[in-house]
Amino acid sequence: MALTHRQLRERFSKFLVSHGHAEVPPISLVPQNDPTTLFTGSGMQQFVPYLLGQKHPQGTRLFNIQHCIRVQDIEEVGDNRHDTLFEMMGNWSLGDYFKKEQLQNFFTFLTDKKIGLGLDPKKLFVTVFEGNEQAPRDTTSIEVWTEIFKRVGISSEIGERIFLYPAEKNWWSRAGEPKNMPAGEPGGPDSEVFYLFDVEHDPAFGKECHPNCDCGRFMEIGNSVFMQYKKLDDGSFENLPKMNVDFGGGLERLLAAANNDPDIFHADINSHIVNGVETATNHEYEDPSNQKAMRIIADHLKTATFIIKDGITPSNKEQGYVLRRLLRRALVKIRALNNSFSAEAVAPIVEQVVQTYNGIYFDAKVDTAKIIPVIQDEISKFQKTLDRGLRELEKLDEINGTIAFDLYQTYGFPFEITQEIMSEKGIKLSKEEYDNAVKTHQAKSRSSADHKFKGGLADQSNQTVKYHTATHLLHQALFDVIGDSVRQEGSNITADRLRFDFYCDNQPTDEDIEKVEKIMNEKISQEIPVNMKVMDKKEAETIGARSFFKEKYPDEVKIYFIGKDKEDVKSAYSKEFCGGPHVENTKEIGEIQIKRFKKIGSNMFRIYAK
Ligand code: SER
């Protein structure tokens, strides 16, 4: 019997709990108050302050299963192992255990038949950082792996079982290898484990196969990052206050290894969704000529379903644009397989996504009905112009940025789709040309989102920190003026402004909003200290600390409070569940103006302030 994704989750949790780790809930896919990244892209995202030295309320051994989106992988989707949405199973040691215990534990989890996955150790291969002028070769990991393999009777020669690679492959930080890391960023050498599948090497990918070869014979199933360095302004590294471990293994890939099947779309985490795609397109997945398109459809609609669940709707900006691009690309692929497809037929695919993750990320009863119309609406809008646009594209034997931008405006073809269709005809279109055309049309909003596809860097710049504290004042001031029906629906901060979405029973008047602004500025001029206290979740709720209903919180939480008395959270003006960072005193915020107030849905409102 194949291992199911639910069984894998349970085994991972049990294993880590038995090794003294506390479970931390995943954060939302759309990071709150982080202007530099569109989506949560790794399990460690919420742990950055703790890797840098802060104390975590739940201790020094932590784990979680975090859903992540890596839009930069979108072009890779279509093979047997890439996806835009995946889950990272992770564990962290915050200055607790280090290399020896981490590598041994992960090996035990992979190979133990009772408490782990029972993989054959002969099928496991590992990689280690070879060293450079900034950081030495990771000889400890080489020794630890040699010992581990020796114990199970496997010889571990370098170049046969243990492979050394440069920083490009065996260094991890949110920005990638050392040269790309900004000052202040944590990172370190890593050691990856690869699983060998019983498939032939494809010489198209190089003469010899090795763990990092892209032919698909080896699959990376886990990465132990030894987070021990912080980059300095002069480009060198210093040691972090503590030597940490940041481990992440892709759930879909671990499942593939456990089932010894290199196609992540065969495991139950994808197979039902693929069945939905078969129904919608009337094509068989097992026919190899359909697989690429069907994987893209399954992946993109899955990711879209998750993005919508986290509160985003299709638009021309930021997360909304990614969502639009995923849905439109999925439709182009669906139509290539079945040109009589109608938008209603997308429902079985979305239903399968929600069912697959029911009780984990979705509540099937509520979410299916909410999400399907959003997808159908976007798809049917695009479908109206799709055929005409495709005919236009078909006729073109050259393209430039302006034509591509026209195709977007007239037919709704995202640049990337035009680029993909043209490249199938062997015609190149550069992003630069397109961006220039967009600039000329003074539609810059969309290109700014693009920089963020790459990164995952938390912007801790002074201005965003100020806006973050201002958001807490705004939240409380709304309660003061409008009353208890106020509920935060989301917030977003850039270096230029803060945005706050909320629900309330009655439409606030202009006077209400003026009052809110006035209260915020009063609190700023009263120079009130901002402090943080770690508390029991129940206690925090009892004293009325505001939480964000879309977020799940652990039993111990950080409460930021704005109040004259630094010790007394209860009497503070504002108290909120929050990870920080914040200014130390409200006076640092400076004057705040509410620039715009608008209705964005029934009983839903949005405020922009700066
Ligand atoms: N942060 C590392 C990664 O994302 C390990 O968790 O691969």
Side-chain angles (χ1 to χ4, degrees), residues 12-13 15-16 21 23-24 26-27 29 31 34 37-52 56 61-73 76 81-94 96-99 101-103 105-107 109-110 126-129 138 141 165 167-178 180-182 185-195 211-212 218-231 240 242-254 257 264 453-458:
F12 182 71
S13 302
F15 183 84
L16 284 156
H21 291 71
E23 180 163 13
V24 183
I27 54 171
L29 264 181
D34 183 350
T37 179
L38 290 176
F39 295 106
T40 299
S42 60
M44 62 78 85
Q45 190 128 329
Q46 62 169 309
F47 298 109
V48 175
Y50 310 103
L51 294 167
L52 288 169
H56 193 283
R61 292 176 175 230
L62 309 169
F63 79 99
N64 77 1
I65 301 180
Q66 173 70 53
H67 51 327
C68 301
I69 290 185
R70 291 193 180 164
V71 185
Q72 60 269 41
D73 283 349
E76 320 268 355
R81 62 193 180 283
H82 280 94
D83 39 19
T84 51
L85 181 129
F86 66 97
E87 286 173 275
M88 194 72 109
M89 308 214 291
N91 62 264
W92 286 268
S93 154
L94 301 172
D96 192 319
Y97 55 85
F98 204 45
K99 296 181 182 177
E101 191 168 342
Q102 168 56 30
L103 298 179
N105 273 351
F106 183 43
F107 186 79
F109 178 68
L110 290 175
V126 302
T127 66
V128 173
F129 178 54
D138 185 0
S141 291
Y165 287 95
E168 199 194 331
K169 297 284 182 204
N170 278 96
W171 180 280
W172 202 89
S173 78
R174 289 177 299 169
E177 55 183 308
N180 298 336
M181 290 165 66
E185 184 66 18
D190 65 36
S191 180
E192 299 188 317
V193 176
F194 287 77
Y195 184 81
N212 276 307
F218 285 101
M219 188 188 277
E220 189 254 303
I221 53 172
N223 185 12
S224 300
V225 184
F226 304 115
M227 283 278 178
Q228 67 184 93
Y229 298 113
K230 181 164 109 179
K231 185 147 173 193
L240 286 169
K242 290 192 175 123
M243 316 273 260
N244 309 297
V245 174
D246 159 27
F247 167 79
L251 185 151
E252 301 74 7
R253 290 171 170 214
L254 283 159
I264 61 167
F453 294 158
K454 301 190 180 74
L457 295 182

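As the structure lists them, so they are numbered: ligands from 1, and atoms in each ligand from 1.
Among all protein heavy atoms, the one lying closest to atom 1 (N) of ligand 1 is Asp246 OD2, 2.7 Å.
Near Arg70, the atoms of ligand 1 lying under 4.0 angstrom from a non-hydrogen atom of the residue are 4 (O). Of all atoms in ligand 1, numbered sequentially from 1 with element shown, those under 4.0 Å from a heavy atom of Asn223 are 5 (C), 7 (O). Listed by number with element, the atoms of ligand 1 under 4.0 Å from a non-hydrogen atom of Met88 are 3 (C), 4 (O), 7 (O). For ligand 1 and Met44, the ligand atoms under 4.0 Å from any heavy atom of the residue are 1 (N). Taking every heavy atom of Ser42 and a limit of under 4.0 angstrom, the matching atoms of ligand 1 come to 4 (O).
Contact annotation: for Phe247 versus ligand 1, heavy atoms closer than 4.0 Å belong to the backbone alone. When heavy-atom distances to ligand 1 are checked against a 4.0 Å cut-off, Met227 has no atom that comes that close, whether in backbone or side chain.
Distance CG/Leu251 to NE2/His67: 13.0 Å, rounded to 0.5 Å.
Of the N or O atoms in Gly248, one or more lie within a sub-3.5 Å distance of an N or O in ligand 1.
Applying side chain to side chain contact (heavy atoms under 4.5 Å, CB included) to Met227 and the options Pro186, Ser173, Ser93, Pro189 leaves one that passes, Pro186. For the side chain to side chain contact (heavy atoms under 4.5 Å, CB included) test with Phe39, the passing option among Leu85, Ile69, Thr84 is Ile69; the others fail.
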Inset, instruction - Please test Asn212 against Glu192 for side-chain contact (heavy atoms from CB on, under 4.5 Å), starting from the C-alpha separation and ending with a verdict. - result: CA-CA 10 Å; Asn212 276 307; Glu192 299 188 317; 4.2 Å; yes
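Looking at heavy atoms from C-beta onward, Leu103 lies in side-chain contact with Phe226 at the 4.5 angstrom threshold.
Asp138 places a side-chain N or O within 3.5 Å of a backbone atom of Ser141 that can act as its donor or acceptor partner.
Under a 4.0 Å N-O distance rule, the pair Arg70/Glu76 does not qualify as a salt bridge.
Within the 4.0 Å heavy-atom cutoff, Arg174 does not count among the residues contacting ligand 1.
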